[in-house]
Student: 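Input: one structure, supplied below.
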Amino acid sequence: MLRTETLSINVGPQHPSTHGVFRMLLTLDGERVVDLKPYFGYLHRGIEKTAEQRTYVQNVPFTDRLDYICGMSNNLAYALAVEKLAGIGPIPERAEYLRVIMAELTRVVNHCVAIGFLLNDLGAFFTPVLYCLRQREYILDLFEMASGSRMTPSYIRPGGVVEDVPPEFIPAAKKVVAGLPAFVDELDQLLTGNEILMARLQNVGVLPPERAIAYGVTGPVLRGSGVAYDIRRAEPYSIYDRFDFDVITEPGQDAYARFLVRLGEMRQSARILEQALAQIPEGPVMAEGVRRIRPPAGEAYARIEAPKGELGFYLISDGSPNPYRFRVRPTSLINLQALRDMCVGHLVADVVVILGSIDLTMGEVDR
Amino acid sequence: MPSLNNLFGFLQDWISGKLSGFLPPWGVTLAMMVITIVALLLFLVVTVMYLTYLERKVLARIADRLGPNRAGPLGIAQPVADVLKLIVKEVIVPARADVPVYFLAPVVMVAPALLPYAVLPFGPRMVPADISVAVLFVPAVTSITTLALLMAGWGSGNKFSLLGGLRAVAQKVSYSIPLLLAFLAVVLVSGSLSLVRIVEAQASYPFLLAQPLGFIIALICCVAEVNRSPFDIPEAESELVAGYHTEYSGVGFAMFFLAEYIGMFTVSAMLAILYLGGWHGPLLPPYIWFLIKVYLILCVMFWLRGTFPRVRVDQLMNLSWKVLLPLSMVNVAVVALVDKLGLRLGFLPGLVAGLVVMAVAAAVLRTRRRARAAAAARPAWQVREA
Amino acid sequence: MVGTGLLKGLWVTLRHVVETYRQDWHKFPRRYRREPVAVQEQSLTGLFTVQYPEERLRMFPRFHGHLIQKRDPETGLYNCTACKACERACPHGVISVEGERNPDRESKKKMLVTRFTWDAGRCLYCGLCVEACPSDALDWGQGYELAVDRREELVFDFERLLKLGEHAT
Ligand code: SF4
Ligand code: SF4
């Protein structure tokens, strides 16, 4: 009888494809993974604790830095939580529209990055990722035009948005949105039918719906398991109930399904954006009297469908200008829980692909 | 332009004429050998340097970039800068390295990579040694590099390197077989094992037309043989950091790099010789035609690299053993049959037969994939936990 | 048929290669011109990278490059009144302001700034300070080449911010 030994290797924290400082201790039998232990915390910056010493508005820039790919969505979730806590409202119409526009643009940005880097993990030499980043660049230009920053905009604030977009924004955004479907089509043509890609992604990282729900996984990973759960539909916030869009699900339950969900969501985002940009009214962008936020004692939890899944902020106020507790429900961390289950039994090469298909941002995992 | 067509032949005659003035005949032969070797080596080193440049430019253009453009006009001096950088870099020996093996590996890698140039014909009369079994010689010597990969993987004392080395060996061994079978079909058609004779046999039409299937098999195997994307599994960056050469820096790394690119050039040259008609071509001098064909194949390789994701280890093995090997056997059989029939129709019977085999293979693969997809409906975790 | 997906992908990349050459030819004079080019035009193909030192993008008016201190264009006096609103608004304690009463009672300026520092290395570039400033003194400049050799040089004092403000206007 041949006696084999398992081999333990550390993947990360400095490894080309761990998406930031993340370490996995893989136990391998040959090339097959028998165990996986994720280690994280390398990027812990103590944001939750720091936030207890800052005022509600001062915390907005910190939320940018949670999931730094989608700053705008984080701003939105935080703003909703503060509004709920302090009873701010109603939010002016124009601000609501701008919020939706920014949030959907962020979704496109995030999915571009997710698909691009998934392909890098698959070993495609930078071509798909550069096509994706190119599209992202146009959107980041829009963010910069509106807020002055590309990735850390701090644009959506409790009460509305910080200032109205410049007049050239809406036409520019319309142009970008008009170009999106063509971009998604091209990506589709380049990747979707590719036999190598299919061979690499199909039946890899299978996460059945009941498992996904048990882990609390949300976002494209959950929808890739065939569960049609989208907070924009399940519990509409902001003005999402006004738009016409589909919740994309794929029955595949594997990495390929997640990839398809992301492609589809980009198309849906383009649809929402089109409607929002056509309907956006004129008017103020900040609710009345929100200069200094001092919520009454109490607590509030607000959540949104961030590009990666459910992003929630749980705030407790003791009546002072600073939150008593500031807690993030990090999408990436909770989606990461399913990693081991998805990886065991696959090959090493699949681990990085599964990791890429979950789409993590370590800034959010470690906070 | 007869003189241009045979530039190197004249050069050779001229130099040996000069030398015979003051050297005995054996001295002339020896000197000519040394000169040829030096010239070939120089040619190879410069080619490799600019191959990296070409590759980066092509990949950049594929990805909507410009590529290197800082050093010199259009970045022409970039390869020189790279070489200088690699040479002056510190050679780091990992603490757990098996030192002799670690240092031997790059040498064992480069030396066999150079050997095929002894037999590759760049043009008529432009072959250092026209040996009669050249078709076998080239794969035989290049497969010695397998040993080097294993040595590098083992010697580095790094788990990633070890995995990379093992993968490399498995890959090289399994792709050599269909590759040789594909070459065998060419040998059957041309009736010779000498590369020069094979090229001469393609005077009327390139064997690509007679053996489309053989060419595709050989192309895939060649890409896999030299570990290029989409078969760059031994150095799969996203999984194994850099595979077997993870721990090499400076000159050691440069050697691996050199060997890899020389290997690419070798297989492209082989493909050009066996399937694209070698030096044959109108108007331009033969060696120019040969280089054009080689670079065409190289560009296709870059193109593949710029487009495709990487396949997985098991898929790579499956492709070789379950698809390419049977196909290449069928190919040999079909070629032998067509050859035996002795129809004097040029490439037509071969072309038709090749296309038919390809169509059948595609249909079979497709139904098999359907069946597999249906079988995989039960998710893997259930299987695991059952 | 097996392989069509691969061929489609190859076709896409081939198109990109051809397009880069075609569009490059059309835009030839643009490349390597030394003035800032406008925002990049949206397109799916063609060269996309900016050849940075030669080619520069024009920044948007709201771009958060670095802070500047503004002067009143008529009197030439600086606008800052050392009210410390920016210092209080900053989430990170990046700005510190000290001021004193102007000994010259006749002057329009009631408060003089004795010390104003902005630590670019610790700044979040969030803009809360600019929003908080009541006297239109603090604003964003467009510069983005802020790299320096030593960490201390990242701390901008009042004079430097005023000078940056002059360049910006
Ligand atoms: S931009 Fe933000 S972090 Fe920087 S100085 Fe102003 S308030 Fe402070
Ligand atoms: S810059 Fe503005 S906010 Fe800051 S001290 Fe001066 S006047 Fe006050």
Side-chain angles (χ1 to χ4, degrees), chain B residues 54-71 73-75 212-213 216-217 219-220 223 229-231 296 299-311 315 318-319 322-324 327 355 357-373, chain C residues 1-60 63 65 142-149:
Chain B
L54 179 73
E55 168 168 36
R56 290 174 65 179
K57 281 284 185 191
V58 171
L59 286 176
R61 288 283 171 168
I62 285 178
D64 297 340
R65 295 179 290 123
L66 262 170
N69 66 345
R70 293 287 122 184
L74 294 175
L213 180 62
I216 291 173
I217 294 172
L219 180 65
I220 294 175
V223 174
S229 182
F231 305 110
L296 208 68
C299 281
V300 169
M301 281 195 190
F302 299 150
W303 187 17
L304 294 178
R305 179 166 184 212
T307 310
F308 294 145
R310 174 186 308 128
V311 299
Q315 292 161 356
N318 283 349
L319 179 68
K322 296 190 186 163
V323 181
L324 294 180
L327 270 184
L355 291 180
V357 172
M358 272 194 267
V360 171
V364 169
L365 277 179
R366 189 158 139 195
T367 47
R368 282 215 15 212
R369 207 173 58 192
R370 288 257 171 76
R372 228 182 358 218
Chain C
M1 198 168 128
V2 183
T4 40
L6 300 178
L7 293 180
K8 257 199 238 167
L10 285 174
W11 170 244
V12 170
T13 43
L14 181 68
R15 213 171 50 212
H16 272 266
V17 175
V18 175
E19 276 296 301
T20 55
Y21 283 104
R22 201 180 64 77
Q23 295 188 12
D24 205 22
W25 180 253
H26 281 291
K27 288 193 199 147
F28 178 65
R30 191 198 81 168
R31 206 156 288 283
Y32 303 124
R33 203 163 51 187
R34 275 201 176 260
E35 70 226 43
V37 294
V39 188
Q40 283 165 296
E41 278 297 312
Q42 170 151 8
S43 99
L44 213 53
T45 49
L47 287 175
F48 185 69
T49 43
V50 177
Q51 304 307 308
Y52 161 62
E54 290 87 18
E55 253 187 331
R56 279 149 202 271
L57 292 180
R58 194 183 295 132
M59 293 294 122
F60 292 100
F63 175 60
Q142 306 265 303
Y144 49 85
E145 285 153 331
L146 301 180
V148 287
D149 293 330

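Note that the structure is predicted; figures quoted are calculated from it, not measured. Throughout, protein chains are lettered first and strands after them, A, B, ... in sequence-line order, and every chain is numbered starting at 1.
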Student: Any heavy-atom pair between the side chains of B:Thr307 and C:Leu14 that's under 4.5 Å?
Tutor: no
Student: How long is the gap from OG1 on C:Thr13 to CH2 on B:Trp303, to the nearest 0.5 Å?
Tutor: 6.0 Å
Student: For a 4.5 angstrom cut-off between non-hydrogen side-chain atoms, does C:His16 reach B:Asp64?
Tutor: yes
